[in-house]
Each structure stands twice: as C-alpha cells, then as structure tokens.
Amino acid sequence: MRPSGRAIDALRPVSIQTGFARHAEGSALIRMGGTEVLCAASIEKRVPPFLRGKGQGWVTAEYGMLPRATHTRGPREAAKGKQGGRTQEIQRLIARSLRAVTDLKAMGEISITVDCDVLNADGGTRCAAITGAWVALRLALEKLVRDGTLAALPLRGQVAAVSCGLTEAGAVLDLDYAEDSTAGADANFVLTADGGIVEIQGTAEKDPFTEAQFNALMRLARTGTAELFRIQSTTITQALAA
C-alpha cells in the first residue's frame, strides 16, 4: 500500500489554473498533490547576444523555491549571492524540455523566459514545473499570434514530465515526498505527446535496478504523461475560450 492510498499507476490530483500571474504574457499555477508551482512566461523582442542576427528565437527558464516551500526554511539563494547546483540543473532541464517542442526559427528574434517558482513542495517539483511551464509558454506564444507578431504558433507539440520510483509497493507513478525520500530508485521522465523522449533522469538509491524494473517505470510514465497531456489540452482550450 502506498502512503497516500493511491493505486500504483495513479497520479496525485492535478489542476492547472491559468492567468494567475496577471501581468505575465502567459501563466499557469500547477498543483500536483501538495506540490504547487507558479509558472510565468515573459516575452522580450530581442535575443541573447549569441543569437543576434541569426533570425531565430530563444526559450529559457528560471527555477526557484520559496523559503518555506519545504518542511524547514531554506535560505533565499539571492541572499547567498549565487544559485545552488540543484537550482541550475533544474532550470536547465526545464528550458531544454521547452525548446525540444518549440520551433525557434519560426519565432524570429524573440525570447521567452518562463519563471517557475515553487510555492509548496511535496515531491516532483521539477516535473510539475515542466508540465506547467509548457502551458505558460503556449499561452505566451498564442498572444504573439493573436497580436500579429507571429503568423503561426511555433510549437511542434506538447511536453510534460512525471516521476516514477521503486518503493515497498513496487514500481509506482508520481512520487510524493514520503515516497521519494525512501524510494530504492527514482526517475524523472520528460516525454512528448507524440511519444518522444526528451530526457530521463534515473538513480538507484540503494541496490541497482534491472532493465525489467526500468521498463515498468517507463510504462507508468507513459500512463501518467498521457493524463497530463489531456489536462494541459483541456486547460488551454478553456483559457482560450474565456
């Protein structure tokens, strides 16, 4: 039995609220169980120096956690004067995931930064951030199409992410903190709606896991992201109809 009582292939309750950051060109507050991440996309009609004159756009991301997003207070990284290695690794992952489904050449010299701020953490913050960030990005790009800046939406598809792990209950989908902190192995799967793999991060915390166990995790990830893609699509449809 899982601590939450969920079935092994069940996601935590998921919701995505758009427009939460009222000044951002696109925003989404994603809730996955006790994890809540605010994703806000900002548009700039310029690109980083290394892309100037190349006629293509850029999508990047920043990630952070509020001091009391976790059980004990964590110091603000701004107060320490530098980002930690974990923060840098996660925000690069989010950015790579978004660029994997974005046609940068079709954007022209436009940059979009998606800020992902963890309000409450209960496991799977990077996965929630990626899933919510795609919604924020999609809405920001829609704004560029509607105002005539872009002729068509420069997206090649959807991307979402989910964690899976090996626990006392076996292979399970969407780890919360109680499971993540004791799992024998855990993995984050970043997948696209058309079946592509963007990135897989898998670690054995204790004994090595087998290929069969990995395949079981992969099947669960496919099940979980299929539901996340459905939720993303429904959210976008409702936001654009409002």
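When reading the values below, keep in mind they use all heavy atoms of this one structure, side chains included, and skip hydrogens, waters and symmetry mates.
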Q: Side chain to side chain contact (heavy atoms under 4.5 Å, CB included), that's the test. Do Arg2 and Val172 meet it? Break it down for me.
A: CA-CA 9 Å; Arg2 304 179 69 175; Val172 299; 3.6 Å; yes

Q: Please report the shortest heavy-atom distance between Cys116 and Cys39, naming the atom on each side.
A: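 Taking Cys116 first and Cys39 second, the nearest heavy atoms are SG-SG, 3.9 Å.
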
Q: Test salt bridge (charged side-chain N to carboxylate O under 4.0 Å, His left out) on Arg96 and Glu199; report intermediate values, then the result.
A: CA-CA 9 Å; Arg96 286 196 302 273; Glu199 192 154 338; 2.9 Å; yes

Q: Taking all atoms of both residues into account, what is the closest heavy-atom pair of Ala136 and Val114, and its distance?
A: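 In terms of heavy atoms, the two residues are closest at CB-CG1, 4.4 Å.
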
Q: Return the CG to CD distance between Leu66 and Glu36, rounded to the nearest 0.5 Å.
A: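 Here the rounded value is 10.5 Å.
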
Q: Please tell me whether Ser4 and Arg6 have a donor and an acceptor in their side chains that are separated by less than 3.5 angstrom.
A: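 Ser4 vs Arg6: donor-acceptor pair found between side chains.
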
Q: Can you confirm whether the side chains of Arg126 and Gln201 place a donor and an acceptor under 3.5 Å from each other?
A: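 Judged by distance alone, the side chains do pair up.
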
Q: With a 4.5 Å limit on heavy-atom distance, are the side chains of Gln91 and Gln83 in contact?
A: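 With C-beta onward as the side chain, the pair touches.
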
Q: Say you draw a straight line from CD1 of Ile30 to CD1 of Ile130; how long is it, rounded to the nearest 0.5 Å?
A: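 Separation between the atoms: 10.5 Å.
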
Q: Closest approach of Val198 and Ser97, non-hydrogen atoms and distance?
A: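 Val198 and Ser97 have their closest heavy atoms at CG1-CA, 4.0 Å.
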
Q: Give a yes or no answer on whether the side chain of Ser163 reaches the backbone of Leu175 with a donor-acceptor pair at less than 3.5 Å.
A: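 Yes: the side chain of Ser163 pairs with the backbone of Leu175.
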
Q: With the side chain counted from C-beta on, respond yes when Asp174 and Met32 share a heavy-atom pair under 4.5 Å apart, and no when they do not.
A: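 Yes, their side chains come closer than 4.5 Å.
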
Q: Assess the side chains of Glu77 and Thr87: does a donor N or O sit below 3.5 Å from an acceptor N or O?
A: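 A donor-acceptor contact under 3.5 Å links the two side chains.
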
Q: Please evaluate residues Thr18 and Val135 with respect to the criterion side chain to side chain contact (heavy atoms under 4.5 Å, CB included), reporting the C-alpha separation (whole Å), side-chain torsions for both, the decisive distance (0.1 Å), and the verdict.
A: CA-CA 8 Å; Thr18 59; Val135 173; 4.0 Å; yes

Q: Could you walk me through whether Leu139 and Ser27 pass the side chain to side chain contact (heavy atoms under 4.5 Å, CB included) test, one step at a time?
A: CA-CA 7 Å; Leu139 292 172; Ser27 69; over 6 Å; no

Q: Kindly check if the number of other-residue, nucleotide or ligand heavy atoms within 6.0 Å of NZ (Lys80) is above 12?
A: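 For Lys80, atom NZ is crowded (more than 12 foreign heavy atoms under 6.0 Å).
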
Q: Contact between Thr131 and Val37 at the side-chain level, heavy atoms closer than 4.5 Å - yes or no?
A: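 No. Closest side-chain heavy atoms not under 4.5 Å.
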
Q: In terms of relative ring orientation, are Phe214 and Phe209 parallel, tilted or perpendicular, with 30° and 60° separating the classes?
A: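 The rings of Phe214 and Phe209 lie parallel, inter-plane angle below 30°.
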
Q: Passes salt bridge (charged side-chain N to carboxylate O under 4.0 Å, His left out), Lys45 versus Glu109? Steps please.
A: CA-CA 6 Å; Lys45 294 188 177 179; Glu109 295 202 357; over 6 Å; no

Q: Give a yes or no answer on whether the side chain of Gln88 reaches the backbone of Gly85 with a donor-acceptor pair at less than 3.5 Å.
A: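 Answer holds: no.
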
Q: Is Ile236 reachable from Ile43 through a run of hydrophobic residues whose side-chain heavy atoms are each under 4.5 Å from the next?
A: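 Yes, because Ile43 and Ile236 connect within a single hydrophobic cluster, where side-chain heavy atoms sit under 4.5 Å apart.
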
Q: Which value, rounded to the nearest 0.5 Å, describes the distance between Met218 atom CE and Ile200 atom CD1?
A: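 Met218 atom CE to Ile200 atom CD1 measures 4.5 Å (nearest 0.5 Å).
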
Q: Regarding Tyr177 and Thr70, is there a side-chain donor-to-acceptor distance under 3.5 Å anywhere?
A: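 Distance-only check fails for Tyr177 and Thr70.
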
Q: Please evaluate residues Gln17 and Arg31 with respect to the criterion side chain to side chain contact (heavy atoms under 4.5 Å, CB included), reporting the C-alpha separation (whole Å), side-chain torsions for both, the decisive distance (0.1 Å), and the verdict.
A: CA-CA 8 Å; Gln17 177 185 347; Arg31 297 180 173 94; 3.6 Å; yes

Q: So does Asp147 have more than 12 non-hydrogen atoms from other groups sitting under 6.0 Å from CG?
A: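 Above 12, so yes.
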
Q: How about Thr225 and Phe189: do any of their side-chain heavy atoms sit closer than 4.5 Å?
A: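 Side chain of Thr225 against side chain of Phe189, heavy atoms only: no contact under 4.5 Å found.
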
Q: Answer with yes or no after comparing the ring centroid distance for Trp134 and Phe229 against a 6.0 Å cut-off, counting only values under it.
A: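 No, they do not, as the ring centres are separated by 6.0 Å or more.
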
Q: Quick one: closest heavy-atom pair of Ala128 and Thr35, and the distance?
A: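 Scanning both residues, the minimum pair turns out to be CB-CG2, 4.1 Å.
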
Q: What's the shortest heavy-atom distance between Leu228 and Ala160, and which atoms?
A: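 Looking at all heavy atoms of both residues, the closest pair is CB-CB, 4.0 Å.
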
Q: Would you indicate whether Arg86, at its atom CZ, is surrounded by more than 12 heavy atoms from other residues, nucleotides or ligands within a distance under 6.0 Å?
A: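 Count over threshold, so yes.
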
Q: Looking at Trp58, I'd like to know if the NZ or CZ of Arg99 sits under 6.0 Å from its six-membered ring centre while staying within 45 degrees of the ring's axis.
A: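 Here Arg99 passes the 6.0 Å and 45° test against Trp58.
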
Q: What distance separates Gln56 CD from Thr102 OG1, expressed to the nearest 0.5 Å?
A: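 Output value for this atom pair is 11.5 Å.
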
Q: Indicate, with yes or no, if Ile16 and Val190 share a hydrophobic cluster defined by side-chain heavy-atom contacts under 4.5 Å among Ile, Leu, Val, Met, Phe, Trp and Tyr.
A: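 Per the 4.5 Å side-chain linkage, Val190 and Ile16 are co-clustered.
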
Q: Would you say CZ of Arg68 has more than 12 non-hydrogen atoms from neighbouring residues, nucleotides or ligands within 6.0 angstrom?
A: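 Yes - once you tally the heavy atoms of other residues, nucleotides and ligands closer than 6.0 Å, there are more than 12.
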
Q: Report whether Leu137 and Val118 are members of the same hydrophobic cluster (ILVMFWY, side-chain heavy atoms less than 4.5 Å apart, transitive linking).
A: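 Same cluster.
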
Q: Please determine whether salt bridge (charged side-chain N to carboxylate O under 4.0 Å, His left out) holds for the pair Lys143 and Glu25, giving the CA-CA distance in whole Å, both sets of side-chain angles, and the decisive distance to 0.1 Å.
A: CA-CA 7 Å; Lys143 181 177 177 61; Glu25 283 78 19; over 6 Å; no

Q: In the single-linkage hydrophobic clustering (I, L, V, M, F, W, Y; side-chain heavy atoms under 4.5 Å), do Val159 and Leu93 co-cluster?
A: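 Same hydrophobic cluster.
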
Q: What distance do Cys164 atom SG and Leu220 atom CG have between them, rounded to the nearest 0.5 Å?
A: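 Atom-to-atom, Cys164:SG and Leu220:CG are 5.0 Å apart.
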
Q: Rounded to the nearest 0.5 Å, how far apart are CG of Leu153 and CG of Leu141?
A: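 Result: 5.5 Å between the selected atoms.
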
Q: Could you check whether any side-chain heavy atom of Pro67 comes within less than 4.5 Å of a side-chain heavy atom of Pro75, counting everything from C-beta outward?
A: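 Not in contact.
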
Q: Looking at Arg22, I want to see if its CZ is surrounded by more than 12 non-hydrogen atoms of other residues, nucleotides or ligands under 6.0 Å.
A: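 Not buried by this count: 12 neighbours or fewer within 6.0 Å.
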
Q: So does Glu205 have more than 12 non-hydrogen atoms from other groups sitting under 6.0 Å from CD?
A: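 Check passes, neighbour count above 12.
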
Q: Does a side-chain heavy-atom distance below 4.5 Å link Val162 with Glu227?
A: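 In short, these two side chains do not touch, never coming nearer than 4.5 Å.
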
Q: Are a donor atom and an acceptor atom from the side chains of Gln158 and Ser233 found within less than 3.5 Å of each other?
A: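 A pair is found: one side chain offers a donor N or O, the other an acceptor, under 3.5 Å apart.
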
Q: Ignoring hydrogens, what is the shortest heavy-atom contact between Leu173 and Gly224? Give both atom names and the distance.
A: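 Smallest heavy-atom distance, with atoms named: CD2-CA, 3.7 Å.
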
Q: Would you kindly confirm whether Val145 and Val59 end up in one hydrophobic cluster when ILVMFWY residues are joined by side chain heavy atoms under 4.5 Å apart?
A: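 Linked within one cluster.
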
